[in-house]
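The structure under discussion appears below in the form of structure tokens.
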Amino acid sequence: METLTELGTLIKYVILGLFQGFAEPIPISSSGHLVILRELFGIEIKGLSFEILVNFGSLLAVLVIFRKDIIRLIVNGWRYLSKKEETAKADFQFILFLIIATIPTGILGLLFEDYISEKLSFPVVVGYTLLITGAALWVIRNLRGKKNDGDLTVKDALIVGAAQAVSLIPGISRSGATIVAAMLVGMKQETALRFSFLLYIPVSLGITVLKLPKIVTSPEFSALMIPNILAFLASIIASYFALKWFINIMAKGNLKYFAFYCFIVGILVIIFL
């Protein structure tokens with residue numbers, strides 16, 4: 001019986017990792033779905049430790065997929081800093097805008113992390129916030145902006161950063177919120193997508209550096225080490241393929257289908273959970 005219980009826990013954690021990894025890159029809120037699945041599976045995970053762990057898996061997938069952009073930005077950013085090469089200026093400014101956009105999330109995360117974890121991580125909250133995510137995606141479903149990387153402003157960065165800060169609330173999709181904000185300020189779809197996921201890197205990396213060492217050395221992690229590790233590996237794989245798929249979806253402009261999904265799931269959660 002104990003072996004069956006352990007196997008059941010293992011399967012549940014792998015499913016959580018797979019679903020979080022799949023949901024992280026696409027605009028349906030991975031944190032919201034973790035809340036829903038934990039409720040359905042009857043798993044109590046206090047705080048944000050599990051979410052931080054599986055988000056680290058998603059971060060690794062994003063780093064792999066956007067490695068060429070990351071390398072280009074680092075190289076050109078250094079070229080502009082050291083040699084003031086005009087051809088590298090746009091990439092240097094892009095880095096600055098990513099840093100600026102990270103600030104709102106960092107501030108709100110530090111101030112309200114405990115409140116969000118204790119007061120807003122409930123299915124009914126997720127149900128309503130999924131409806132908000134769906135409505136936002138519906139609003140921008142047909143937008144086609146004109147701004148490229150070199151056309152961005154400090155105001156654009158702050159608006160997208162504020163949207164990412166709001167996505168700390170479970171059910172508000174991080175990728176959805178940032179892409180919606182980016183397209184509302186006039187970015188092209190490919191620019192909005194790139195800015196959104198490159199913006200994910202400093203935030204996720206910062207949280208990982210600050211929190212992960214404490215998480216992996218905690219008694220809770222040790223007690224469920226194998227399920228946690230498998231969930232982490234599952235999130236890497238799922239995030240990689242989901243992001244590849246979402247890039248194609250963005251190119252075709254089919255965001256309305258994610259809006260429909262958020263509406264349906266949000267209503268079902270409000271009614272049944």
Side-chain angles (χ1 to χ4, degrees), residues 14-34 37 50-74 94-95 98 101-102 105 130 133-134 136-137 140-141 143 145 149 160-161 163-164 167-168 170-183 187-208 212 230-262 265:
V14 169
I15 292 173
L16 285 174
L18 283 171
F19 215 101
Q20 186 282 334
F22 179 77
E24 178 59 46
I26 62 178
I28 62 171
S29 179
S30 61
S31 60
H33 280 76
L34 278 181
L37 288 174
F50 180 80
E51 189 174 337
I52 291 168
L53 179 68
V54 289
N55 267 308
F56 179 45
S58 296
L59 170 64
L60 294 179
V62 171
L63 289 172
V64 170
I65 291 175
F66 285 95
R67 64 190 181 280
K68 292 181 180 178
D69 291 284
I70 295 166
I71 292 169
R72 190 196 71 246
L73 287 171
I74 292 172
F94 196 86
I95 294 170
L98 288 173
T102 302
T105 308
L130 279 175
T133 293
L137 291 170
I140 57 100
R141 68 193 184 283
L143 284 184
D149 293 10
V160 177
Q164 179 167 258
S167 74
L168 292 170
I172 302 293
S173 165
R174 192 213 66 83
S175 62
T178 52
I179 288 171
V180 165
M183 292 180 69
M187 293 188 204
K188 288 183 176 179
Q189 285 187 331
E190 56 268 30
T191 302
L193 182 76
R194 186 163 51 252
F195 194 87
S196 170
F197 284 101
L198 291 176
L199 180 58
Y200 174 71
I201 293 170
V203 172
S204 183
L205 192 60
I207 292 171
T208 300
L212 199 60
L230 289 178
F232 167 69
L233 295 174
S235 71
I236 297 174
I237 296 167
S239 289
Y240 179 85
F241 289 105
L243 181 50
K244 284 281 192 182
W245 175 63
F246 183 54
I247 290 170
N248 290 329
I249 293 289
M250 278 289 289
K252 296 174 183 177
N254 290 332
L255 288 174
K256 63 182 178 182
Y257 297 112
F258 295 109
F260 293 148
Y261 175 86
C262 289
V265 175

Heavy-atom side-chain proximity of Leu16 to Val54 below 4.5 angstrom: no
Restricting to pairs with a member in residues 20-32, which pass salt bridge (Lys or Arg N to Asp or Glu O under 4.0 Å), not counting sequence neighbours? Glu24-Arg174
Nearest-0.5 Å distance that lies between atom CG in Leu193 and atom CD1 in Ile249: 11.5 Å
Between Thr178 and Ser196 (side chain of the first, backbone of the second, donor and acceptor by atom type, cut-off under 3.5 Å), is there such a pair? no
Correct closest heavy-atom pair for Leu255 and Pro27 would be CD2-CG, 4.4 Å
How close do Met183 and Leu143 get, heavy atom to heavy atom, and via which atoms? CE-O, 3.3 Å
Under the rule for side-chain hydrogen bond (donor to acceptor under 3.5 Å, both in side chains), what residues qualify as partners of Ser173, not counting sequence neighbours? Ser175
Only counting residues at least two apart or in another chain, list the ones meeting side-chain hydrogen bond (donor to acceptor under 3.5 Å, both in side chains) with Tyr261. His33
Please tabulate, one pair per line, all N/O donor-acceptor pairs under 3.5 Å involving side-chain atoms of residues 55-68, not counting sequence neighbours.
{"unit_1": "Asn55", "atom_1": "OD1", "unit_2": "Gln20", "atom_2": "NE2", "d": "3.0"}
{"unit_1": "Asn55", "atom_1": "OD1", "unit_2": "Tyr200", "atom_2": "OH", "d": "3.2"}
{"unit_1": "Asn55", "atom_1": "ND2", "unit_2": "Glu51", "atom_2": "O", "d": "2.9"}
{"unit_1": "Ser58", "atom_1": "OG", "unit_2": "Gln20", "atom_2": "OE1", "d": "3.4"}
{"unit_1": "Ser58", "atom_1": "OG", "unit_2": "Ser239", "atom_2": "OG", "d": "2.7"}
{"unit_1": "Arg67", "atom_1": "NH1", "unit_2": "Val64", "atom_2": "O", "d": "2.5"}

If I take atom CZ from residue Phe197 and atom CG from residue Leu243, how far apart are they, to the nearest 0.5 angstrom? 5.0 Å
Return the CZ to CZ distance between Phe260 and Arg141, rounded to the nearest 0.5 Å. 8.0 Å
Who passes side-chain hydrogen bond (donor to acceptor under 3.5 Å, both in side chains) against Ser167, sequence neighbours left out? none
Taking everything shown except Tyr240 itself, do over 12 heavy atoms lie less than 6.0 Å from its OH? no
Could you tell me whether the side chain of Ser30 and the main chain of Ala23 form a donor-acceptor pair under 3.5 Å? no
Any non-hydrogen side-chain atom of Leu198 less than 4.5 Å from a side-chain atom of Phe94? yes
Output all residues satisfying side-chain hydrogen bond (donor to acceptor under 3.5 Å, both in side chains) with Arg72, sequence neighbours left out; order by chain, then residue number. Asp69, Asp91
Plane angle bin for Trp245 and Phe22 - parallel if under 30°, tilted between 30 and 60°, otherwise perpendicular: parallel
